[in-house]
Amino acid sequence: MSLPLRSTRWFGPKDKVGFIHRSWMKNQGHPDHVFDGRPVIGICNTWSDLTPCNAHFRIIAERVRRGVYEAGGFPVEFPVMSLGEPLMRPTTMLFRNLVSMDVEETIRANPLDGVILLVGCDKTTPALLMGAASCDLPTLAISGGPMLNGRFRGRHIGSGTDVYKFSDEVRAGTMSEEEFLEAESCMNRSTGHCMTMGTASTMASVVEALGLGMPGNAAIPAADARRMKLAHEAGRRVVEMVREDLRMSRIVTRKALENAIRVVGAIGGSTNSVVHLLAIAGRLGVDLSLQDWDRLGCDIPCIVNLMPSGRYLMEDFYYAGGLPAVIRELGGVIHRDALTVNGKTIGENTADAPCHDRDVIRTLAAPLTPTGGLAVLKGNLCPDGAIIKPSAASPELMRHRGRAVVFENIEDLHDRIDDPDLDVEAGSVLVLKNCGPKGYPGMAEVGNMPLPSKLLQQGVTDMVRISDARMSGTAFGTVVLHTAPEAAAGGTLALVQDGDIIELDVGERRLELDVPEDELIRRRTRWSPPEPATDRGYCRLYVDHVLQADRGVDFDFLVGGSGAPVARDSH
């Protein structure tokens, strides 16, 4: 016996209210039989011309629609605010929670029985997952897929990763401006999101590792016809999920979250996945902490040879076997009994997954790097934690003691980083303040600070960098991020001054400011928080209610879900 559908509360009654709901929907040409009690499937679309990574989503939505109709459902597409990394300022992260609210309230307020989430560019994935988690209906996510490999002057280039390299080469005088501009069209040459293992690719992998995406979701290129096939099949499957009452909370369990953490380590995934998974877990009431990332994921070998940790790109990853091959290789490290949206366990989905290229997907016995996960640091500079990605860092800098060169904000950094008189040397530690959740506001991807030009010209390629910011998943370097509490919230980072000695020891998980406690107390008495960016609107709401990085940067009032009860009539 099937469960009653939410949508029948709208479309079922033969009274005035039912008349209104059905009649106005019929002005789109819907026939009578789509209101006969079949599951209504919302297609949550983050399409926008201003979000280049998601610009092909109208086509994907149409393929989903075909599958829903084919399985006996009624598809209805709805838009939500779209977050495009390449264009939005000050940072898309400022708006992640806003989009999650948009998704949550749209789902709850409308006659939906299940939801397909069309996700792609970095923050669209966690925003939609967070909003859907708060409602806890049957939910399936489809990633838009990565772009085809970039090609420039006979070699592969990767989105984001090579931008940073080229920029440094121009500043060092080893690449011309003409060459730099020529690379633009060569890098992004098809539909899709970044084809490096940046945040978009990492979160697409997280979707599959959590069991919320169909097998193969993570890596099929956006331009590959098999991406459309997956969308069609997903449309069919979500209708069955409604009939089975296979809700999001049955899939995104503690086991699923642990699987995702371990997969992020194995793929050398983005540091941004930390705050996003913490926030998703918080919406579902699953206990997940920053320390779980270190305990579960740090010692996982990185077995995927993709930029920024390696040399290949997502197109190569798909041809090599994609995420199913990675999960199979991880063996007993993965909870293989975790349920997925296709009704099978993740172990069943990957039991026979082939690997076609062992240079792209390595074995656990011969990994790309011994550790691919994220190390969680503690110390007086980050009492609530900070993170570093060892697989993207320089081994010789993983234990380092150096003199701080401090930038009070991003404008200060831009003004002085290339000053030939900047008092900096190769062993210095670059420190950037006031770029966290409250300080930027929005915790922008500015943590991978550019190196000073005069050091680049001397051949320096990496330095220890510390901030309360994030960095792009496509970035690399010995970069300490997400320092909590942040400077704008009164964290110790706010008290660092030029010349202070900072000690980093990733092996010991320590990050210490070598300044006597009485001196820090003296500095704190003179410190005052920076003026907020604005005193009105959403930005004010954000600054007043955002949690710190160790708690996922969600709003305090959104932790824990509200379900999807049918509200009182509007007519």
Side-chain angles (χ1 to χ4, degrees), residues 90-91 93-94 275 290 376-388 401-417 419 422-424 428-447 449 463-471 479-504 510-536 539-553 555-556:
T91 170
M93 187 63 175
L94 176 63
V275 290
L290 192 59
V376 177
L377 308 172
K378 286 290 184 77
N380 69 343
L381 192 50
C382 54
D384 291 336
I387 64 171
I388 187 170
R401 184 178 173 87
R403 180 175 56 87
V405 178
V406 179
F407 302 95
E408 292 297 324
N409 52 46
I410 193 63
E411 288 76 22
D412 185 27
L413 173 74
H414 291 327
D415 288 344
R416 296 195 294 123
I417 193 66
D419 185 342
L422 182 68
D423 185 13
V424 66
S428 299
V429 176
L430 303 183
V431 176
L432 176 61
K433 303 178 184 179
N434 296 307
C435 293
K438 294 177 182 290
Y440 206 76
M443 201 182 182
E445 291 183 340
V446 294
M449 297 165 250
M463 297 174 70
V464 174
R465 287 159 274 180
I466 299 171
S467 75
D468 46 15
R470 298 177 299 113
M471 76 175 182
V479 184
V480 176
L481 303 156
H482 306 190
T483 303
E486 63 175 302
T492 310
L493 188 69
L495 310 179
V496 182
Q497 296 181 0
D498 283 330
D500 288 347
I501 299 300
I502 294 176
E503 184 173 359
L504 169 68
R510 289 192 306 109
L511 182 63
E512 295 285 345
L513 178 64
D514 191 3
V515 173
E517 183 62 27
D518 58 349
E519 171 61 14
L520 292 178
I521 292 172
R522 187 180 67 82
R523 292 181 189 181
R524 188 172 296 282
T525 62
R526 300 185 315 206
W527 176 82
S528 59
E531 289 293 320
T534 181
D535 63 354
R536 66 176 301 277
C539 191
R540 172 63 183 271
L541 176 75
Y542 184 95
V543 171
D544 287 349
H545 291 281
V546 71
L547 299 170
Q548 291 293 287
D550 61 304
R551 298 185 61 191
V553 199
F555 287 154
D556 50 16

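Just the heavy atoms: all of them, side chains too, but no hydrogens, waters or symmetry mates, feed the values below.
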How far apart are the closest heavy atoms of [X] and [Y], and which atoms are they?
X    : Y    : result
A549 : M443 : CB-CE, 3.7 Å
K378 : P383 : CD-O, 3.4 Å
G442 : Y542 : CA-OH, 3.5 Å
I410 : L432 : N-CD1, 4.0 Å
G447 : A469 : N-CB, 3.8 Å

With sequence neighbours left out, the residues meeting ring pair (Phe, Tyr, Trp, His ring centres under 6.0 Å) with H414 are none
Hits for ring pair (Phe, Tyr, Trp, His ring centres under 6.0 Å) against Y440, two or more places apart or cross-chain, chain-then-number order -> none
Across all chains, not counting sequence neighbours, the salt bridge (charged side-chain N to carboxylate O under 4.0 Å, His left out) partners of E445 are K123, R470
D419 meets the salt bridge (charged side-chain N to carboxylate O under 4.0 Å, His left out) criterion, sequence neighbours left out, with none
Atom pair [atom1] ([X]) and [atom2] ([Y]), whose distance is rounded to the nearest 0.5 Å:
X    : Y    : atom1 : atom2 : result
L520 : T525 : CG    : OG1   : 11.0 Å
L504 : L377 : CG    : CG    : 6.0 Å
D384 : T483 : CG    : OG1   : 11.0 Å
D423 : S428 : CG    : OG    : 7.0 Å
E411 : R416 : CD    : CZ    : 12.5 Å
D544 : K438 : CG    : NZ    : 7.0 Å

Tell me whether R522 is salt-bridged to D518, with the criterion being a basic N under 4.0 Å from an acidic carboxylate O. no
Give the C-alpha distance, both sets of side-chain angles, the deciding distance and a yes or no for side-chain contact (heavy atoms from CB on, under 4.5 Å) between V275 and H482.
CA-CA 9 Å; V275 290; H482 306 190; 3.9 Å; yes
Residues 527-536 vs side chain to side chain donor-acceptor pair (under 3.5 Å), sequence neighbours excluded, gives none
Could you check whether any side-chain N or O of [X] sits under 3.5 Å from a backbone N or O of [Y], counting only pairs where one atom can act as donor and the other as acceptor?
X    : Y    : value
D468 : K433 : no
D550 : G385 : no
S467 : L481 : no

Pairs of donor and acceptor atoms involving the side chains of residues 489-503, under 3.5 Å and at least two apart or interchain, shall be tabulated with distances.
unit_1	atom_1	unit_2	atom_2	d
T492	OG1	N380	O	2.8
D498	OD1	V406	N	2.7
D500	OD1	R523	NH2	3.1
D500	OD2	Q497	N	2.8
D500	OD2	R523	NH1	2.7
E503	OE1	R401	NH1	3.3
E503	OE2	R510	NH2	3.2

Practice problem: Step by step, work out the side-chain contact (heavy atoms from CB on, under 4.5 Å) result for V405 and V431. | Solution: CA-CA 6 Å; V405 178; V431 176; over 6 Å; no
